[in-house]
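To start, the structure itself, in structure tokens.
We use all heavy atoms of the structure for the numbers below, so side chains are in, but hydrogens, waters and symmetry mates are not. Here is how names work: the chains are called A, B, and so on, in the same order as the sequence lines, proteins then strands, and each is numbered from 1.
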There are 2 protein chains.
Amino acid sequence: MSAHTLTKNQSLVLDALTHAEAPLSAYTILDKLRDHGFRAPLQVYRALEKLQEFGLVHRLESLNAFVACACREDHDHTHHHHGVTAFAICEDCGQVTEFHDAGMEERLAVLVKNQHFKTEKTTIEIRGHCQNCI
Amino acid sequence: MSAHTLTKNQSLVLDALTHAEAPLSAYTILDKLRDHGFRAPLQVYRALEKLQEFGLVHRLESLNAFVACACREDHDHTHHHHGVTAFAICEDCGQVTEFHDAGMEERLAVLVKNQHFKTEKTTIEIRGHCQNCI
DNA sequence: TAACTGAATGTAATGTTATTACATCAATTG
DNA sequence: CAATTGATGTAATAACATTACATTCAGTTA
Ligand SMILES: [Zn+2]
Ligand SMILES: [Zn+2]
Ligand SMILES: [Zn+2]
Ligand SMILES: [Zn+2]
């Protein structure tokens, strides 16, 4: 774990995601930050790229959208190294739950090992309906 | 399991995917099928939509691309109901391996059940390097 | 057969997401 | 100071996907 000093743009993007109730697309973030001087998509994409590197933001591949990492209980900008992260995404209310499970991780590790595959990044996204929306 | 009669466009798209060595984007498919009369993206997207319904094609969310289902050993157009499907995607050669694992499926089922979540669709994509490219 | 129906198709236009290219600025360092 | 590095600003373009509307086709029914 190591703390990061975020740039102004990175902070703004992270704040937008942290305060959002659902995943945000890059262009939605751009619109939210126009008042703070954002003018072009690249300002958002560049910040998102760094925030993902730092482990502070996740990209949801099945939505083309981004969420703040949920495993920072504190709000310092601490980089923590995730293992495999899975997301349950409610298609009704947009709520996203991030979770981690050692058993699943182990199972996946065995599977790819059997195929002599070297994993760089694993995406697990479960689309459906959350408790409140069933 | 039930056989489907594919339309001409659906057959053409499925053939393109079946003969490809790597996932194809919708626009790549469009280009491959221009000689067969394809002119617009929608022709591809409509065929892909049906083929996915039939379980003959999968969408790879992390690539915005599509692959023919690998679990049809025969080439009749038989709809088979998958459980959860996972993909190992080589970032070097593009090769995609489709696999299924009851253990992992069960593990996921338990996890979402604990959250009282109702699953509609599960995406598992592992990006990395295949045996040949390590 | 003629009319109706629903599925599939053709085409154009548009919307959404992401990247490339290039110029500028600020902090660091030798 | 000159050189380097990382961050930023801006414009243009590329890549991916959908909406809207007209037409065609096959099967069904009056
Ligand atoms: Zn996280
Ligand atoms: Zn919900
Ligand atoms: Zn399959
Ligand atoms: Zn490979």
Side-chain angles (χ1 to χ4, degrees), chain A residues 2 4-17 20 22-54 56-67 77 79 89 91 94 121 123 125 127, chain B residues 2 4-17 20 22-54 56-67 77 79 89 91 94 121 123 125 127:
Chain A
S2 63
H4 286 280
T5 307
L6 300 184
T7 67
K8 187 183 173 203
N9 285 1
Q10 288 161 14
S11 291
L12 287 166
V13 169
L14 182 57
D15 279 356
L17 287 173
L24 300 180
S25 75
Y27 279 76
T28 302
I29 295 171
L30 175 57
D31 286 340
K32 283 184 184 295
L33 296 180
R34 290 209 187 270
D35 294 344
H36 295 270
F38 275 48
R39 309 293 308 275
L42 199 47
Q43 295 176 283
V44 178
Y45 283 110
R46 286 202 272 229
L48 287 171
E49 185 179 6
K50 288 295 180 188
L51 291 170
Q52 287 174 266
E53 279 177 22
F54 300 159
L56 299 174
V57 162
H58 299 288
R59 174 184 168 82
L60 300 176
E61 300 289 350
S62 68
L63 293 178
N64 293 335
F66 303 83
V67 287
H77 302 140
H79 179 175
I89 302 168
E91 302 197 330
K121 182 176 192 307
T123 297
E125 297 179 16
R127 304 281 294 266
Chain B
S2 64
H4 286 279
T5 307
L6 300 184
T7 66
K8 188 185 173 202
N9 285 2
Q10 289 161 14
S11 292
L12 287 167
V13 169
L14 182 56
D15 279 357
L17 287 173
L24 300 180
S25 75
Y27 277 74
T28 303
I29 295 171
L30 175 57
D31 286 339
K32 283 183 183 296
L33 296 180
R34 290 210 187 266
D35 295 343
H36 295 272
F38 275 48
R39 309 292 308 277
L42 199 47
Q43 296 176 282
V44 178
Y45 283 110
R46 285 203 273 231
L48 286 171
E49 185 180 8
K50 289 295 180 187
L51 292 169
Q52 287 175 264
E53 280 178 20
F54 300 159
L56 299 173
V57 162
H58 299 287
R59 174 183 169 81
L60 300 176
E61 300 289 349
S62 68
L63 293 178
N64 294 337
F66 303 83
V67 287
H77 301 141
H79 179 174
I89 302 168
E91 302 198 328
K121 184 176 192 307
T123 297
E125 297 178 16
R127 305 281 296 266

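Contacts of A:K50 classified as salt bridge (charged side-chain N to carboxylate O under 4.0 Å, His left out), with partners at least two apart in sequence or in another chain: A:E53. For B:E49, the side-chain hydrogen bond (donor to acceptor under 3.5 Å, both in side chains) criterion is met by no residue, not counting sequence neighbours. Remark: B:R127 engages B:S62, B:E91 in a side-chain hydrogen bond (donor to acceptor under 3.5 Å, both in side chains) (not counting sequence neighbours). By the side-chain hydrogen bond (donor to acceptor under 3.5 Å, both in side chains) test, B:R59 is found to be paired with B:E61, B:N64, residues two or more places apart in sequence or in another chain being considered.
The phosphate of D:dA17 has OP1 or OP2 within less than 4.0 Å of a side-chain N or O from B:N64.
Between atom CG of residue A:L17 and atom NE2 of residue A:H58 there is a gap of 11.0 Å, rounded to the nearest 0.5 Å. Here the CG-NE2 distance, from B:L33 to B:H36, works out to 6.0 Å after rounding to the nearest 0.5 Å. B:L60 contributes atom CG, which lies 10.5 Å from atom CG of B:L24 (distance to the nearest 0.5 angstrom). The distance from the CG atom of B:L56 to the CZ atom of B:F66 is 14.0 Å, given to the nearest 0.5 Å. Distance check: B:S11 OG to B:L51 CG gives 8.0 Å after rounding to the nearest 0.5 Å.
Each of B:S25 and A:Q10 was assigned the nucleotide of DNA chain D with the nearest heavy atom; the assignment lying further toward the 5' end belongs to A:Q10. Of the two residues contacting DNA chain C, namely A:A65 and B:K8, the nearest-nucleotide position lying further toward the 5' end is that of B:K8.
Straight-line distance from the CG atom of A:L12 to the P atom of D:dG9: 10 Å, rounded to whole Å. In this entry the distance linking CD1 of B:I29 with P of D:dA15 reads 16 Å, nearest Å. One can place CG of B:L30 at 13 Å from P of D:dA15, the figure rounded to the nearest angstrom. Distance OH (A:Y27) to C1' (D:dA17): 14 Å, rounded to an integer number of Å. Taking atom CG of residue A:L33 and atom C1' of nucleotide D:dT8, one finds them 15 Å apart after rounding to whole Å.
Of the residues in residues 39-50 of chain A, those with a non-hydrogen atom less than 4.0 angstrom from any atom of DNA chain C are A:L42, A:Y45.
The nucleotide range of DNA chain C contacted by chain B, defined by atoms under 4.0 angstrom from heavy atoms of the protein and reported 5' to 3', is C:dA8 to C:dT11.
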